[in-house]
2 protein chains.
Amino acid sequence: MNATPHDIPTNRANGPASCGACPVFSNNLCNGLTQAALAAALPASAIHDHTAPARRSIWREGETVERVPVICQGWAATAITLSDGRRQILSFLLPGDLVSAALIFQTASQCSVDAITEVRYRTFPRGDIKAALRAQPDLFAAVSRILSGESMRSDRLAIDLGRRGAAERIANMILNLAERLRRRDMMAGETMDFPLRQHHIADAVGLTVVHVGNVLAEFRRARLVEINDRSLTILDPDALRRVAEAV
Amino acid sequence: MNATPHDIPTNRANGPASCGACPVFSNNLCNGLTQAALAAALPASAIHDHTAPARRSIWREGETVERVPVICQGWAATAITLSDGRRQILSFLLPGDLVSAALIFQTASQCSVDAITEVRYRTFPRGDIKAALRAQPDLFAAVSRILSGESMRSDRLAIDLGRRGAAERIANMILNLAERLRRRDMMAGETMDFPLRQHHIADAVGLTVVHVGNVLAEFRRARLVEINDRSLTILDPDALRRVAEAV
DNA sequence: CGTGAGCTTGACTTGTTTCAACCAACGTGG
DNA sequence: CCACGTTGGTTGAAACAAGTCAAGCTCACG
């Protein structure tokens, strides 16, 4: 089954070689080619593997991040928290995602990174990546694609939060996740692993947990989606897209 | 006076040399150094100057943008428009701003660019910039600083739209603009040129024109700001910051 | 067995939108 | 020079979307 966790050897010894075995690798560090190049250019010893348990914060806002992290397995989220506790999730990180392209260029992290499920990730030395970026045109191209992709996603988030109603936002969020998972071969038909709690959704779409619950109940009643046992299936994709509305 | 429009020769003949005379140049293509390098590396003939009248759209969503644009003078905005007319302004562009760093890497523009005042801008050939990026480490550093800055701004926008109330959002917007103008030496004390109409503010903070009007009226009543004749002065910066709330 | 995290539901409050009318400033053309 | 339409701003009343508060339920976990 596609949605099953795939296993990557975690011990450092296996080093970058294991990336070749990673089923998401081809979508990895940007749609395709790239990290093969990157891995080849870096000594195996420069790459570190890590694991974070579910529900734990991986980095806090403002912390210095010495190495550039890529998610190998599990779901995580980048978020900003206001002093009074209000929180906004900026993006969900799926296997193969660079945590943030900005981290290639600067060490200060604007936002915290929180594990949603257990997360396995891998970090690369920033200096080496920057050097490789100069040397390898296709790596450069790949990173620029990531950058464009990130800015596109944050633009979409802005219009969601600024100009769309609750149902639209949530429908869009579900469709976007499904889309991203499908590209990674992590959808089984219209069904996906769905480890998000309602409070994750609420923080991602800028609503209250209660209101998210209501909207989801409405979706279920309308037979748009079915959610149980940490798995979501889209029953009526067209209708859901209609709720999510046009560009 | 600082807020006065500064004049840059518009005819191509004067080429990049005129950039040296531009008072915002030092904040330019990112806080400092960079474009000097860029200008030096590019033939004068490769740089084109343009002017757009106030209230006109410069590029529409989805249009192919062949050359990388930098704002020289005036205010512009990048925005996304939904098919039903709802609009979200993603950022205001001030003199010295690269329209979007993503345009260095890709030709498709996700969002439209609209002139607010009359805008003078300058475009550079994408290929040359990419080449210069490889050759000149400090240009590369500068562009990465722009990229981080852009992603920081869009993160702040997201938390504003997702998690803050109307007054907070508007106060933040004003403070951010003041901050950016101050870095450009375009503030006279606490007073700035303020060409924005209420509908620009509404589209930027994700509210209705009417509600923006109400909040601004409230601000005026509370003697936080004064707006007249397309100019805004912050009467009580501390109080305004208090309204804008903590990080 | 108890505790706490997550979800659901209902009643009530608040913030924001919608609709509508009206005013002032401005530019345009007769 | 005036009549006129347009654009931008203000105000008020009513409708609506989302937030808050509160209670109760399930389930996993120690």
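To find a chain, count down the sequence lines: A is the first, B the second, and so on, and within it residues start at 1. Here the structure is a predicted model, which means the values were calculated and not measured.
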Exercise. State whether a side-chain donor-acceptor pair under 3.5 Å links B/Thr107 with B/Thr64.
Key: no
Quiz item: Going by atom types alone, do A/Asp114 and A/Ser57 pair a side-chain donor with an acceptor below 3.5 Å?
Solution: yes
Quiz item: Taking five pairs at each end, how big is the angle between the two axes of the helix from C/dC1-D/dG30 to C/dC26-D/dG5, to 10°?
Solution: 30°
Self-check item: Atom-to-atom span, CD1 of A/Ile227 to C1' of C/dT8 - whole angstrom
Solution: 13 Å
Could you run down the sub-3.5 Å N/O contacts of the protein with nucleotides 12-23 of chain D?
residue	atom	partner	partner atom	Å
D/dA18	OP1	A/Ala166	N	3.0
D/dG19	OP1	A/Thr208	OG1	3.4
D/dG19	OP2	A/Thr208	N	3.1
D/dG19	OP2	A/Thr208	OG1	2.6
D/dG19	O5'	A/Thr208	OG1	3.2

Self-check item: Parallel, tilted or perpendicular: ring planes of A/Trp75 versus A/Phe194, cut at 30 and 60 degrees
Solution: perpendicular
Quiz item: What is the distance, rounded to the nearest whole Å, between atom CZ of B/Arg221 and atom P of D/dT10?
Solution: 10 Å
Quiz item: Can you check the B/Phe219 CZ to D/dT10 P distance for me, whole Å?
Solution: 14 Å
Quiz item: Salt bridge check: are A/Glu218 and A/Arg221 linked by an N-O gap of less than 4.0 Å?
Solution: yes
Quiz item: Can a salt bridge be assigned to the pair A/Arg86 and B/Glu168 using a cut-off of 4.0 Å between side-chain N and carboxylate O?
Solution: yes
Exercise. Can you tell me the distance, in whole Å, between the CG atom of A/Leu216 and the P atom of C/dG6?
Key: 15 Å
Quiz item: Just how far, in rounded Å, is C1' of C/dC7 from CG of A/Asp229?
Solution: 15 Å
Quiz item: Taking atom C1' of C/dC7 as reference, at what distance in whole Å does atom CZ of A/Phe194 sit?
Solution: 14 Å
Quiz item: Once you round it to whole Å, what is the distance between P of C/dT17 and CD of A/Glu168?
Solution: 14 Å
Practice problem: Show your reasoning for whether side chain to side chain contact (heavy atoms under 4.5 Å, CB included) applies to B/Arg67 and B/Leu103. | Solution: CA-CA 8 Å; B/Arg67 304 165 52 84; B/Leu103 287 178; over 6 Å; no
Quiz item: Within a radius of less than 6.0 Å around CZ of A/Arg220, do more than 12 heavy atoms belonging to other residues, nucleotides or ligands occur?
Solution: yes
Quiz item: How would you list, by chain and number, every residue that makes a side-chain hydrogen bond (donor to acceptor under 3.5 Å, both in side chains) with B/Asn176, sequence neighbours excluded?
Solution: B/Arg156
Quiz item: Is B/Arg169 salt-bridged to B/Asp160, cutoff N-O under 4.0 Å?
Solution: no
Exercise. For A/Glu118, check salt bridge (Lys or Arg N to Asp or Glu O under 4.0 Å) against everything at least two apart and list the hits.
Key: none
Quiz prompt | Partner residues of B/Arg197 under the salt bridge (Lys or Arg N to Asp or Glu O under 4.0 Å) criterion, sequence neighbours left out | solution = none
Please produce a list of atom pairs where a protein N or O lies less than 3.5 Å from an N or O of nucleotides 5-9 of chain D.
residue	atom	partner	partner atom	Å
D/dG9	OP2	B/Gln198	N	2.9

